[in-house]
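Encoded as structure tokens, the structure appears first; notes follow it.
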Amino acid sequence: MAVLFGGLYGFQTFKGIMIAKAIGAMANPPQTVSTVVAQSAPWRTGLTAIGSLRAVNGADLALQAAGIVQSIQFNSGDTVEAGQQLLQLVATDDVAKLQSLQATAENYAIVVKRDEEQIKFNAVSQATLDTDRANLKNAQALVAQQKAIVEQKTLKAPFAGRLGIRAVDLGQFLSAGTSIVTLQSLDPIFVDFYLPQQSLADIRIGQNVDVVVDAFPGERFTGQISAINAKVDSSSRNVQVRATLHNESARLLPGMFAKVEIAIGKPEQLVNVPLTAVVSNPYGDLVYVVDDLKDGQGKARQMFVKSKPAKGDRIAITDGVKPGETVVIAGQIKLRNGSPVKVDNSHVPVAEAAPDVVDQ
């Protein structure tokens with residue numbers, strides 16, 4: 001009986017130990033993650049901002065006077081020169097009045113000339129001459145006034161540029177100030193953007209900038225900072241900055257959304273990894289490094305890191321990761337310090353410092 005009960009007790013103890021081991025193994029199975037090997041590469045700190053493109057000269061053209069459209073001398077999308085006539089309103093009455101005033105002024109000019117000859121022989125008084133001269137000046141002023149009224153019935157391009165889409169038709173009555181067509185000077189073109197006030201020490205006039213627009217994925221347009229606002233916005237503590245871009249092909253248009261990048265400082269040799277490797281929490285940024293990696297398996301080690309601002313899909317690590325270490329870039333949510341891991345890199349996306357935008 002003693003042997004029987006001893007055997008049963010030993011079996012139950014052995015079974016408990018094996019179950020505990022099995023449960024312990026099940027509690028912390030290897031977690032599947034994706035990794036990359038941290039590498040050292042040149043890294044240059046930069047500033048990024050969101051801006052808008054703006055024409056050097058741009059206006060919605062309109063007339064000061066009201067009237068009926070008599071003729072249109074342009075087509076939508078035309079390139080025009082400064083001073084080129086674009087539109088004419090009916091101005092028959094105004095032109096006739098101008099001719100009448102010009103005739104009156106010419107008559108007063110003859111009278112004044114006659115008075116100047118006759119006063120030499122005291123045939124007219126000085127008062128008569130003065131009155132006639134005043135009448136001539138008044139007539140000339142009326143002519144100039146009427147010329148201005150006639151000119152207000154003609155629309156001319158105030159500067160060279162490209163016209164937009166025509167918004168009026170022949171025979172249409174236009175009220176004063178009605179927009180007729182937009183005129184934009186496209187080469188060069190400005191990009192206006194805002195930077196925080198602490199960035200003022202890093203920018204200067206003539207500094208190069210790179211501009212990316214969604215309309216042309218993969219292309220970068222280079223320009224230079226041409227102006228920095230003379231004051232900082234007291235509500236946002238940001239300063240407005242303007243850069244000038246060459247736009248010979250006129251592909252960049254005013255109003256476009258733009259992403260602006262400004263390289264500052266000198267290139268440094270830093271460890272950089274994909275941005276997804278960094279996990280942020282209230283205690284700081286951390287990454288998981290895989291130690292004792294053998295046959296695709298190893299242990300995760302939690303490391304707090306210091307980093308530079310990200311560029312595209314990559315980030316530079318200044319402290320916490322060494323070149324050659326294996327860093328987890330996907331699957332960190334399942335990990336804790338010391339977790340066993342299994343590496344599967346079959347579906348790792350490409351991480352680029354300047355990723356292209358591709359429409360799906």
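Not measured: the values here are computed from a predicted model.
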Atom pair CD/CZ of Glu261 and Arg220 - distance to nearest 0.5 Å: 4.0 Å

Does the Thr318 side chain pair with the main chain of Lys306, one donor and one acceptor, at a distance under 3.5 Å? yes

Any ion pair linking Asp291 and Lys299 (charged N to carboxylate O, less than 4.0 Å)? no

Within the 3.5 Å criterion, strictly below it, is a donor on Thr182 or Asp60 matched to an acceptor on the partner's side chain? yes

At what distance, to the nearest 0.5 angstrom, does CG of Leu87 lie from OG of Ser71? 6.5 Å

Considering residues, nucleotides and ligands other than Asp93, do more than 12 of their heavy atoms fall under 6.0 Å from its CG? no

Please report the closest heavy-atom contact between Val80 and Ala157, naming both atoms and the distance. CG2-CB, 4.0 Å

Would Arg166 and Asp169 satisfy side chain to side chain contact (heavy atoms under 4.5 Å, CB included), going step by step from the backbone distance to the final call? CA-CA 8 Å; Arg166 175 166 57 88; Asp169 298 304; 3.1 Å; yes

Counting only heavy atoms not in Gln198 (residues, nucleotides, ligands), do more than 12 fall under 6.0 Å from its CD? yes

Minimum heavy-atom distance Phe193-Ile50, with the two atoms named: CB-O, 3.6 Å

At their closest point, which heavy atom of Ala38 faces which heavy atom of Val271, and how far apart are they? CB-CG1, 3.7 Å

Counting C-beta onward and ignoring hydrogens, is there a side-chain heavy-atom pair between Leu47 and Ile203 closer than 4.5 Å? yes

Within a radius of less than 6.0 Å around CD of Gln64, do more than 12 heavy atoms belonging to other residues, nucleotides or ligands occur? no

Short question: side chain of Ser100, backbone of Ala96 - any donor-acceptor pair under 3.5 Å? no

Heavy-atom side-chain contact between Val328 and Ser34 under 4.5 Å: no

Got Asn281 and Leu286 here, is their nearest side-chain heavy-atom distance under 4.5 Å? yes

Distance (rounded to the nearest 0.5 Å) between Ser76 OG and Arg162 CZ: 11.5 Å

In one Ile/Leu/Val/Met/Phe/Trp/Tyr side-chain cluster, 4.5 Å: Val321, Leu335: no

Whether Thr276 side chain and Ile329 backbone form a donor-acceptor pair below 3.5 Å: yes

Could you check whether any side-chain N or O of Asp132 sits under 3.5 Å from a backbone N or O of Leu129, counting only pairs where one atom can act as donor and the other as acceptor? no

Counting only heavy atoms not in Tyr194, do more than 12 fall under 6.0 Å of its OH? no

Mind checking the OG1-CG spacing from Thr79 to Leu183? Nearest 0.5 Å is all I need. 9.5 Å

Looking just at side-chain N and O atoms, do Ser199 and Gln197 make a donor-acceptor pair shorter than 3.5 Å? no

Please confirm whether the backbone N or O of Thr35 pairs with a side-chain atom of Asn345, one donor and one acceptor, at under 3.5 Å? yes

At their closest point, which heavy atom of Ala62 faces which heavy atom of Ile180, and how far apart are they? CA-CD1, 4.3 Å

Do Asp233 side-chain atoms and Ser235 backbone N/O form a donor-acceptor pair below 3.5 Å? yes

Side-chain contact, heavy-atom cut-off 4.5 Å: Val36 with Pro274? yes

What distance do Ile68 atom CD1 and Lys153 atom NZ have between them, rounded to the nearest 0.5 Å? 9.5 Å

Take Leu186 and Leu253 through the side chain to side chain contact (heavy atoms under 4.5 Å, CB included) test and state the conclusion after the steps. CA-CA 7 Å; Leu186 301 179; Leu253 299 179; 4.0 Å; yes

Answer yes when Glu219 and Arg251 have at least one side-chain N-carboxylate O distance shorter than 4.0 Å, and no when they do not. yes

Salt bridge Glu325-Arg301, side-chain N to carboxylate O under 4.0 Å: yes

Checking the side chain of Asn75 only, and the main-chain atoms of Asp78 only, is there a donor and an acceptor separated by less than 3.5 Å? no

Decide if atom CD of Glu116 counts as having more than 12 heavy atoms of other residues, nucleotides or ligands within a radius under 6.0 Å. yes

Does Ile165, at its CD1 atom, have more than 12 non-hydrogen atoms belonging to other residues, nucleotides or ligands within less than 6.0 Å? no

In the structure I gave you, are the side-chain heavy atoms of Leu61 and Ser179 within less than 4.5 Å of one another anywhere? no

Under the side-chain hydrogen bond (donor to acceptor under 3.5 Å, both in side chains) criterion, do Thr32 and Asp344 qualify, and how do the steps go? CA-CA 6 Å; Thr32 301; Asp344 179 7; over 6 Å; no

So do the side chains of Ile225 and Val209 get within less than 4.5 Å of each other, counting heavy atoms only? yes

Would Ile110 and Val112 count as a side chain to side chain contact (heavy atoms under 4.5 Å, CB included) here? Give the steps. CA-CA 5 Å; Ile110 294 172; Val112 169; over 6 Å; no

Indicate if Val343 and Val37 have the same hydrophobic cluster label, given that clusters are the connected sets of ILVMFWY residues with side-chain heavy-atom separations under 4.5 angstrom. no

On a heavy-atom basis, the closest approach of Val213 and Phe257 is CG1-O, 3.6 Å

Scanning both residues in full, the closest heavy-atom pair of Asn247 with Asp187 reads N-OD1, 2.9 Å

Please check if Leu155 and Val69 belong to a single hydrophobic cluster, counting links between Ile, Leu, Val, Met, Phe, Trp and Tyr side chain heavy atoms closer than 4.5 Å. yes

Do Ser52 and Asp192 meet the criterion of a side-chain donor-acceptor pair at a distance under 3.5 Å? no

Give a yes-or-no answer on whether the side chains of Ser125 and Thr128 include a donor-acceptor pair shorter than 3.5 Å. yes

Considering residues, nucleotides and ligands other than Ile205, do more than 12 of their heavy atoms fall under 6.0 Å from its CD1? yes

Between Thr154 and Gln88, a side-chain donor and acceptor under 3.5 Å: yes

Would you kindly check if the NZ (Lys) or CZ (Arg) of Arg54 is within the cone defined by 45 degrees around the ring axis of Phe190 and under 6.0 Å from the six-membered ring centre? no

Cluster check Met256, Leu245: I/L/V/M/F/W/Y, side chain < 4.5 angstrom: yes

In this structure, would Leu293 and Val33 fall into the same cluster of hydrophobic residues linked by side-chain contacts under 4.5 Å? yes

Any sub-3.5 Å donor-acceptor pair from Gln207's side-chain atoms to Ala263's backbone N or O? yes

Derivation and outcome, side chain to side chain contact (heavy atoms under 4.5 Å, CB included), residues Leu63 and Leu89: CA-CA 9 Å; Leu63 288 170; Leu89 297 181; 3.5 Å; yes

Side chains of Leu195 and Ile262 in contact at under 4.5 Å (non-hydrogen atoms): yes

Interatomic distance, Met303 atom CE to Tyr288 atom OH [nearest 0.5 angstrom]: 12.5 Å

Do the non-hydrogen side-chain atoms of Asp94 and Gln146 ever get within less than 4.5 Å of each other? yes

